[in-house]
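As structure tokens, the structure follows; a few thoughts come after it.
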Amino acid sequence: MVKKLQKVDAVIVGSGWTGGIAAAELTKAGYNVVILERGGDKKHEDFVGTKDELRYSKRYDLMQDLNKTTITSRNSMDKEAIPVRNNSNARLGNHTGGAGNHWNGMAFRWLPYDFEIYSKTVERYGKGKIPKNSTMQDWGISYDELEPYYDKYEKTAGISGEENPIGPPRSDKYPNPPMKMTPTIRLFSEATKELGYHPYRIPSANNSQTYTNPDGEKINGCVYCAFCEEYGCDFGAKADPIGTVLATASKTGKLEIRNGANVNRVSHDGSKANGLVYTDITTGQEFEQPADLVVLAGFVFTNTQLLLTSKIGTPYNPATGQGIIGKNFTGHFNNLSTYIGARGFFEDKKFNNFMGTGGLGASIDDFSGDNEDHTDLDYLHGYEVHYSQLGTRPIAHNEVPDGTPRWGKEFKKQSLKYFNRNLFITAQSGFLPNKTTYMDLDPTYKDALGNPLLRVTVTYDQQDRNRAKAGVARCEEIMKQMGADDMHVDVVKDDIEFDHKFYTDHFFGGTIMGSDPSNSAVNTYSQMWDMDNLFVVGGSTFPHNSNYNPTVTIGAFAYRAAEGMIKFLKEGGNVAQAALETNA
Amino acid sequence: MASDRRDDTAQGNAQHQQDLSRRKFLKNSGLLAGGLVGGGLFGGLLTGSLEKKEEKKKIATVKKESMVMEARQFFSRQHDFDVLTAATEQIFPEDEHGPGAIKLGVPYYIDKQLAGRWGINGRDYRHSPYAVKLDDTDKSAGPAGEQSILDRGDIFMLGLRKLDDESQKRFKIGFDEAEEEQQIEILQDFDDGKVAMNGVTSAEFFNLLLQATLEGAYSDPLYGGNKDMEGWKMKEFPGAQASYAGYIEQEEFKKLEPVSLRDYQGH
């Protein structure tokens, strides 16, 4: 029996960056907000003294426990999907703060090209350049329209960076100076400069100095302890939702975070959302939390699964191309769009590889997005090449030159020798949406509460392989220039397929945004076209993937969505309608 | 040595047998060439002519001094543990750079891990149907037998006994007693997926064994491996340092005394 609770102004799924931003803005505007978070309660105190590679990087202590729920995965529609059973293949955020606790803090903006990819491609190369299988489309918003929200997010998180010589226009400089310059970052920067490229320091949410954000939240200066990805920050020096937006919302006295609350579906009457139905996982009791405004701010998989199980919107059908929910799944796939590149081994140089922090490094944008002329290239979109000094940890890092056995005497000797004598640079590339890369509900596997698991089907397109090859070749060129004595260069095979590793946490699509209900689930304020008091926020609304890390763009769209939510609570209706009428 | 063998209760021939196999194992695992020869336990085992009483005393002394004299939580059969010990030492052998798996406490680390949540795949999705035979492209979803119905403890038991069976079949001797080259040959065949197993491939078992051995060599000593941070020292990894802000811009390599979580959290 579902127990109905007292109505609130807004109820939100998830307490990560998007849910946190929505909560901060709504509570500051005077609304009462309940966040339903299926993970446990986390405070900064939980992150003190947790420099433990085994617990966090190998046993995934902060990640979503897959014994309750996971996803299933396959390479094509004619196959049966198999569940991703182990965290070593799926590193998904969980607990208060979500993935915002354990991100590295790489804080890139995306390019103007990204938001208008279809029209800009047609404009520059003609319609014939769009691959047949592609479902790429404009987002219904321009970079210039999004820019103020980028600025707002960067100031909330205290992003530390320097101006990118070929980056998109900015209304203001970064709120904090860039992170420290280290010898290896200098080596990468000098090599890329000599090759005629334009290196710049990676913008970082690991604050370069103590900073107080516009909401009055203090973020400490980073001490470069090298435990960032997969770890909460020991020093409160990495911008995360707990220390910023959730703290801001809590101060108003209008936020309640309910942990252990697993949302099962959106209750609705077909045109209005009534609230969220969830299970209290400590008792098994099911509750309905009614609200005027319902916000899905979960991860890509959560948002898509909730719409499908709640029967809201039309599920995407890859056979007909009809329907939206589940469409345009993209990501940074481990063996194709990130974590591949060139590793250099140095005989006479020894580096302080074990020092670092999550957002420390340098990047070049000469090949990002459409910065390179693609007329004669067999792919669209591009790649950024970066070197980052995250801090190498000893269980994970046992790199040895090609030809070395992977265990035994010779392995031990070489892995000890090269631990501090190797550097890796990677080409992170865009992945463009295609007809057969999508999400739907799995017909076989269920979660611990009996809900069907989300099924992911990923088919690599030839152009995605071509782009990855070009990126790796560029890494090889740069690593050579950096003076490596020996190199391991990753090989992108012509028949490479998705390896079912959902490790990067950079996934998109399923509830995509647009200017028109015919090709999108939400408007550019993240409001559902066919249910105006339901907002779906986060990476699930991105029609494609860029070559950059996504968090800042997710944050920017969350600020825009929050503006839309407040407008909706005041005026009702479709908040993008006015803008549409102006355009018409 | 990697054993908590109850020498004091062993009898006559059985004791002699064990001593012989221990001697062979020592030889095979390269420990004889290392610094252990002449230590109380091994000296006693090698001469074999010491009085029981005296040997007992020496063993007790060594037990106190040695890091590996812990108790097993997961493995009930000594021989399984001996096979594990021999296998991990081949994967991460003692050499001129420093200790191998045995001296680092890796077998005990693995024993503890298998006895806990990791050993029963406590964080993993464990609902049927399970897929045992997968296409090549799908296999990468299942490193270390992820798609198997077997848990990690099951896989270790099956794998270690298969290692021993293979050794018996090929060389008429237990895996832990086989020569170094024989052990390597068998392990390589497991790594290459050439040995038939039920429910999991030999390569999946080997991946699990390899992963666990490296974890035991390099995780914080609080888990029972990486004894005295010797794994980190060999690798010049300084552990749980509070901050590198003072050094990170410097050009030269910075050698630091490692810090464990015991130092870091125990303030």
Side-chain angles (χ1 to χ4, degrees), chain A residues 49 51-54 58-60 65-67 69-70 73-75 79-80 82-89 180-183 222-227 234 335 350-352 354-356 389 391-395 398 406-409 411-413 415-416 419-420 444-446 497-501, chain B residues 90-93 95 97-98 100 117-118 121-127 129 131 134-135 137-138 140-144 146-147 184 187 191 210-211 213-215 217-220 222-223 226 231-232 234-245 247-254 261 264-265:
Chain A
K51 300 174 193 302
D52 183 340
E53 185 185 12
L54 186 71
K58 294 289 154 188
R59 302 290 182 262
Y60 305 97
D65 213 340
L66 299 185
N67 67 15
T69 189
T70 184
S73 178
R74 58 180 183 170
N75 286 337
K79 287 192 167 185
E80 276 179 39
I82 47 174
V84 177
R85 295 183 183 272
N86 185 308
N87 279 120
S88 64
N89 290 325
K180 288 181 191 292
M181 175 62 97
T182 73
C222 177
V223 297
Y224 303 88
C225 78
F227 285 83
D234 193 342
N335 64 349
K350 216 162 152 189
F351 309 106
N352 291 308
F354 49 85
M355 305 180 184
Q389 190 174 346
T392 47
R393 290 177 288 269
I395 300 172
N398 293 286
R406 64 188 200 121
W407 53 275
K409 279 186 183 137
F411 162 77
K412 184 185 173 192
K413 185 181 159 196
S415 63
L416 294 177
F419 180 61
N420 288 310
T444 308
Y445 293 97
K446 294 190 174 10
E497 295 287 354
F498 177 50
D499 59 3
H500 312 290
K501 289 183 168 62
Chain B
Q90 287 302 355
I91 288 172
F92 198 83
D95 62 7
H97 304 287
R117 200 154 71 130
W118 185 73
N121 297 52
R123 286 181 63 92
D124 294 359
Y125 184 76
R126 299 291 284 162
H127 298 274
L134 300 171
D135 287 352
T137 48
D138 291 336
S140 51
E146 181 178 290
Q147 296 299 334
I184 290 173
L187 287 169
D191 187 8
L210 173 58
Q211 178 200 334
T213 302
L214 292 176
E215 285 174 5
Y218 294 129
S219 59
D220 193 278
L222 76 89
Y223 295 101
N226 188 16
W232 288 351
M234 281 187 280
K235 223 170 184 178
E236 296 184 298
F237 175 73
Q241 300 282 335
S243 166
Y244 296 115
Y247 319 113
I248 196 164
E249 290 163 299
Q250 293 172 10
E251 199 68 46
E252 61 280 3
F253 185 74
K254 184 76 185 174
L261 286 172
Y264 193 88
Q265 291 179 350

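The chains referred to below are lettered A, B, ... by the order of the sequence lines, with proteins before strands, and numbering in each begins at 1.
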Heavy-atom distances under 4.5 Å only: say whether A/N420 touches chain B with side chain, backbone, both or neither.
side chain
Portion of B/L210 that has a non-hydrogen atom of chain A nearer than 4.5 angstrom:
side chain
Atom group of A/K58 that falls short of 4.5 Å from chain B, counting heavy atoms:
side chain
Going by atom types only, do B/Y223 and A/D52 share a side-chain donor-acceptor pair under 3.5 Å?
yes
Does a side-chain heavy-atom distance below 4.5 Å link A/R393 with A/L54?
no
Highest number of heavy-atom pairs under 4.5 Å with chain A: which of B/H97, B/R123, B/R117, B/K254?
B/R123
Interface moiety of B/E236 toward chain A, non-hydrogen atoms closer than 4.5 Å:
both
Check A/K180 against B/A245 and note the closest heavy-atom contact, atom names and distance.
CE-O, 3.7 Å
With a 4.5 angstrom heavy-atom cut-off, could you sort out which part of A/Y60 is near chain B: side chain, backbone, both or neither?
both
Quick one: does B/Y125's side chain get under 4.5 Å of A/V84's, heavy atoms only?
no
Between A/Q389, A/E53, A/M181, which shows the greatest number of heavy-atom pairs under 4.5 Å with chain B?
A/M181
Is any side-chain heavy atom of A/K501 closer than 4.5 Å to a side-chain heavy atom of A/S88?
no
Less than 6.0 angstrom separating the ring centers of A/F354 and B/Y244, yes or no?
yes
Which answer fits A/Y445, side chain, backbone, both or neither, if we ask what part of it has an atom under 4.5 Å from a heavy atom of chain B?
both
Tell me, side chain or backbone of B/I184 under 4.5 Å from chain A's heavy atoms, or both, or neither?
both
Can a salt bridge be assigned to the pair A/K51 and A/D234 using a cut-off of 4.0 Å between side-chain N and carboxylate O?
yes
Okay, A/N352 and chain B: the region with an atom under 4.5 Å from a heavy atom over there is both
Between A/F419 and B/Y218 (judged by ring centroids, cut-off 6.0 Å), do the two rings come close enough to count as a pair?
no
Answer with side chain, backbone, both or neither: which region of A/K413 has an atom nearer than 4.5 Å to a non-hydrogen atom of chain B?
both
Between A/W407 and B/L214, is there a side-chain heavy-atom distance shorter than 4.5 Å?
no
Among B/A217, B/G122, B/G100, B/P129, who wins on heavy-atom pairs under 4.5 Å with chain A?
B/P129
Looking at chain B, which one of A/V223, A/N87, A/T444 has the largest number of heavy-atom pairs inside 4.5 Å, strictly under?
A/V223
Given heavy-atom pairs under 4.5 angstrom as the criterion, report whether the side chain, backbone, both or neither of A/T182 touches chain B.
both
